[in-house]
Amino acid sequence: MGTDTARQACAALPAGADDSSRTLRVAGRLRALRQHGKTAFADLDDRAGTIQLLLRVNELGEGPYQEWLADLDPGDIVGAEGNPAVSRRGEPSLLVRSLTLLSKAIAPPPEKYHGFQDVEERLRRRYVDLLASPEVRDRFRARTELISEIRKYFDSAGFLEVETPILLRVASGAAAAPFVTHSNYLDVDLRLRIAQELPLKRLLVGGLERVYEIGKTFRNEDLDSIHSPEFTELEAYWAYADYQDMRALTEGLFDKLARRAVELVPTPQVEKAAAAFRPPFPTVDFVDELERRSGIKDLLSRSREELRELARSIGSTVPDNSSTGTFLDKLFEHYVEPTFTGVTFVVDFPLATTPLARRHRSKPGRVERFEVFTPAFELANAYTELTDPDEQAERFRTQLGERGDDRYAYDEDFVEALRYGLPPTTGIGIGVDRLIMGLLGLSSIKDSILFPLVRAR
RNA sequence: GGGCCCGUAGCUCAGCUCGGUAGAGCAGGCGGCUCUUAACCGCAAGGUCAGGGGUUCGAAUCCCCUCGGGCCCGCCA
């Protein structure tokens, strides 16, 4: 039985009493051992919580009692059988009749009061971090539960969960450097996906009208408090809907997850963090807000050179040959992003920033796109999808021409797929590790990932 | 890539400013204690002071380099 059941069995007893008519059995890890000559106390943890073991010469006998105490160390994994009891000080306890050593901890657990503090060691040896800290175990359980909620949400909205390839000949769908590996059999270099977007949209061409995928995505770039080379991404595509529909769906998801997060981890930190994900959310028009904050007029009619000079004037050191979209992004990052105080929806981006989105129906020079920002990071990116194969081909070429490298790689087969007809569609990508960070109030993406990549030493 | 900070016992930390035999608590060992919950009391043990080089009669301490980590900035659209 779990320690929670065992504790309940003790609940009715008065302090100092035990009930020899009932037998309890628990198994778990010894956390602390307090010896008092012929009596000893130990705390035993399992997935359900903790219970005190009460060991006495009276029940175990002099010889076995001394042998047990000589053998036991904090960190050992034991099974215990005995009677429900309450200590004289009122602690629910298992009065032990017999003990079984299930696994010996040869390496000692971290110091019991301060715990495992060394940030680097906690990442390199996450198993020690987990065994030493119930809070860390709770955090990662919550992560899994929240991802499970995401699945339920999309499932109940009629979305089909699918798996698309991680190994690809062309890694496209985002602007990022891929990891490259090699197939010995095919004798060809393969890339790890940098997004799930293009395979998922192919599925909509194929008639699966609502699909989503949650899985690892890989970007061969920097590692810092909000970037991990391997991260969990959610992407969803929805035919016969546009980005306004997607916004409503997203807000519903955030609302549900915010409520669930507080249930899972009812701490002030999480309550505060999760509250920020309760609708309604402020909306910021990319161009209007940037013009208002910066005082720059007619942003969309500025030449690339003008935008470059404007970016230079705020201290950006991006290369001269960067794209128009890059300069606009730099200006936005500088003038607007620091003003966000909570979860914010930024809408209707300049066309130049986004090669896969549909042109805005009423705002010239824009795409139908929203991004979700928190004060700390970009969280989600959604748009009404571009469905026209000729325009898609043209946009890939423009992107390549401006950047002069092979990012946002031209995916020829994807353009071919569009020729068969992609229904009007909206799609979204959400950084799941970051979403967990936001909901639980974590400041580093490494706190959201069980085994983050660390440098060899 | 730049700046700042950190690395001392298995764990949590002092010691570094101002150079002079490397310390404490927890864990582990031995002894004591029949109600503790950071149990307590006593004894003994435990070190590549991240690594390398330099200055010095003498370096954990001062200087340089390297490695690892954290934070900030830049870059990554």
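No experiment lies behind these values; they were computed from the predicted model shown. Reminder, nothing fancy here: chain letters follow the sequence lines and each chain counts from 1.
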Does A/K330 make a side-chain N or O approach to OP1 or OP2 of B/rC75 shorter than 4.0 Å?
-> yes

OP1, OP2 of B/rG70 versus side-chain N and O of A/K446: anything below 4.0 Å?
-> yes

Across all strands shown, which nucleotide pairs with B/rG58 by Watson-Crick or G-U wobble geometry, both distances under 3.5 Å?
-> none

Taking only the side-chain heavy atoms of A/E91 (C-beta and beyond), determine which of B/rU37, B/rU12, B/rC35 contains the nearest atom.
-> B/rU37

Please determine if a side-chain N or O atom of A/R455 lies less than 4.0 Å away from the OP1 or OP2 oxygen of B/rC67.
-> no

What distance, rounded to whole Å, do you find between the two P atoms, one in B/rG69 and one in B/rC64?
-> 22 Å

Rounded to whole Å, CD of A/E121 lies from P of B/rA9 at a distance of 11 Å

Touch class at under 4.0 angstrom, heavy-atom based, for A/Q35 against every strand present = base

With heavy atoms under 4.0 Å as the rule, sort A/V318 into base, sugar-phosphate or nothing.
-> sugar-phosphate

C1'-based separation of B/rG28 from B/rC35 [nearest Å] = 25 Å

Across the strands shown, which category fits A/F327 at heavy-atom distances under 4.0 angstrom: base, sugar-phosphate, nothing?
-> nothing

Hey, could you give me each pair passing salt bridge (charged side-chain N to carboxylate O under 4.0 Å, His left out) that has a residue in residues 49-58 of chain A? Not counting sequence neighbours.
-> A/R56-A/E59

Residue A/S87, side-chain atoms from C-beta onward, closest of B/rC35, B/rC26, B/rG74 | B/rC35

Contact class for A/P109 (heavy atom, under 4.0 Å): base, sugar-phosphate, or nothing?
-> nothing

Determine: side-chain N/O of A/T50 to OP1/OP2 of B/rU37, distance under 4.0 Å, yes or no.
-> no

Integer angstrom distance from the C1' of B/rG1 to that of B/rA60 | 31 Å

Nearest-nucleotide pick for A/K38, side chain only, options being B/rU12, B/rA38, B/rU34 | B/rU34

Counting Watson-Crick and G-U wobble pairs only, both distances under 3.5 Å, name the nucleotide matched with B/rC4, or none.
-> B/rG70

Touch check for A/R31, heavy atoms < 4.0 angstrom, all strands: base, sugar-phosphate only, or nothing?
-> nothing

Are OP1 or OP2 of B/rC75 and a side-chain N or O of A/T317 less than 4.0 angstrom apart?
-> yes

How far does the C1' atom of B/rC75 sit from the matching atom of B/rU17, given to the nearest Å?
-> 37 Å

Taking atom CG of A/D433 and atom CD1 of A/I449, what is their separation to the nearest 0.5 Å?
-> 4.0 Å

Nearest-angstrom distance, C1' atom, B/rU12 to B/rA38 | 12 Å

When all nucleic acid strands are considered with a 4.0 Å heavy-atom cut-off, which category describes A/S93: base, sugar-phosphate, or nothing?
-> nothing

Nucleotide nearest A/T326 when distance is taken to its side chain, options B/rG69, B/rA27, B/rA77 | B/rA77

Taking atom types as modelled, is there a side-chain donor on A/Y237 or A/E235 under 3.5 Å from an acceptor on the other?
-> yes

Sugar-phosphate only, base, or nothing, as touched by A/G115 at under 4.0 Å among non-hydrogen atoms = sugar-phosphate

Does the side chain of A/E213 pick up a donor-acceptor pair with the side chain of A/T164 at under 3.5 Å?
-> yes

Would you kindly give the NZ-to-P distance between A/K104 and B/rG28, to the nearest whole Å?
-> 9 Å

Provide, to the nearest angstrom, the distance between the CG atom belonging to A/D224 and the P atom belonging to B/rC73.
-> 10 Å

P-based separation of B/rG74 from B/rG58 [nearest Å] | 47 Å

Test for a donor-acceptor pair under 3.5 Å between the base of B/rU34 and the side chain of A/N58, counting only N and O atoms.
-> yes

Ion pair A/R31/A/D76, N-O distance below 4.0 Å = no

Quote, to the nearest angstrom, the P distance that separates B/rA50 from B/rU8.
-> 6 Å

Using atom P of each nucleotide, how far apart are B/rC16 and B/rG53 to the nearest Å?
-> 26 Å

Watson-Crick/G-U partner (both atom distances under 3.5 Å) of B/rG47 | none

Roughly how far, to the nearest 0.5 Å, is CZ of A/F349 from CG of A/D329?
-> 7.5 Å

Between B/rC13, B/rG69, B/rU37, which nucleotide gets closest to the side-chain atoms of A/Q52?
-> B/rU37

Picking from B/rC11, B/rC72, B/rU37, the nucleotide nearest the side-chain atoms of A/S225 would be B/rC72

Considering just the side-chain nitrogens and oxygens of A/R122, establish if one lies under 4.0 Å of OP1 or OP2 belonging to B/rC11.
-> no

Do you see a donor-acceptor pair shorter than 3.5 Å between the side chains of A/S322 and A/R308?
-> no

Among B/rG69, B/rC13, B/rU34, the one nearest A/T39 by side-chain distance | B/rU34

Of the listed nucleotides B/rU34, B/rG29, B/rC11, the one nearest the side chain of A/R125 | B/rC11

Rounding to a whole Å, what distance do you find between A/H114:NE2 and B/rA9:C1'?
-> 16 Å

5'-most by nearest nucleotide on RNA chain B - A/V57 or A/D329 = A/V57

Atom-pair distance (CG on A/L69; P on B/rA27), nearest Å = 14 Å

Residue mapping more 5' on RNA chain B - nearest nucleotide basis, A/P108 or A/N381 = A/P108

Any side-chain donor near an acceptor of the partner, A/R7 and A/Q52, under 3.5 Å = no

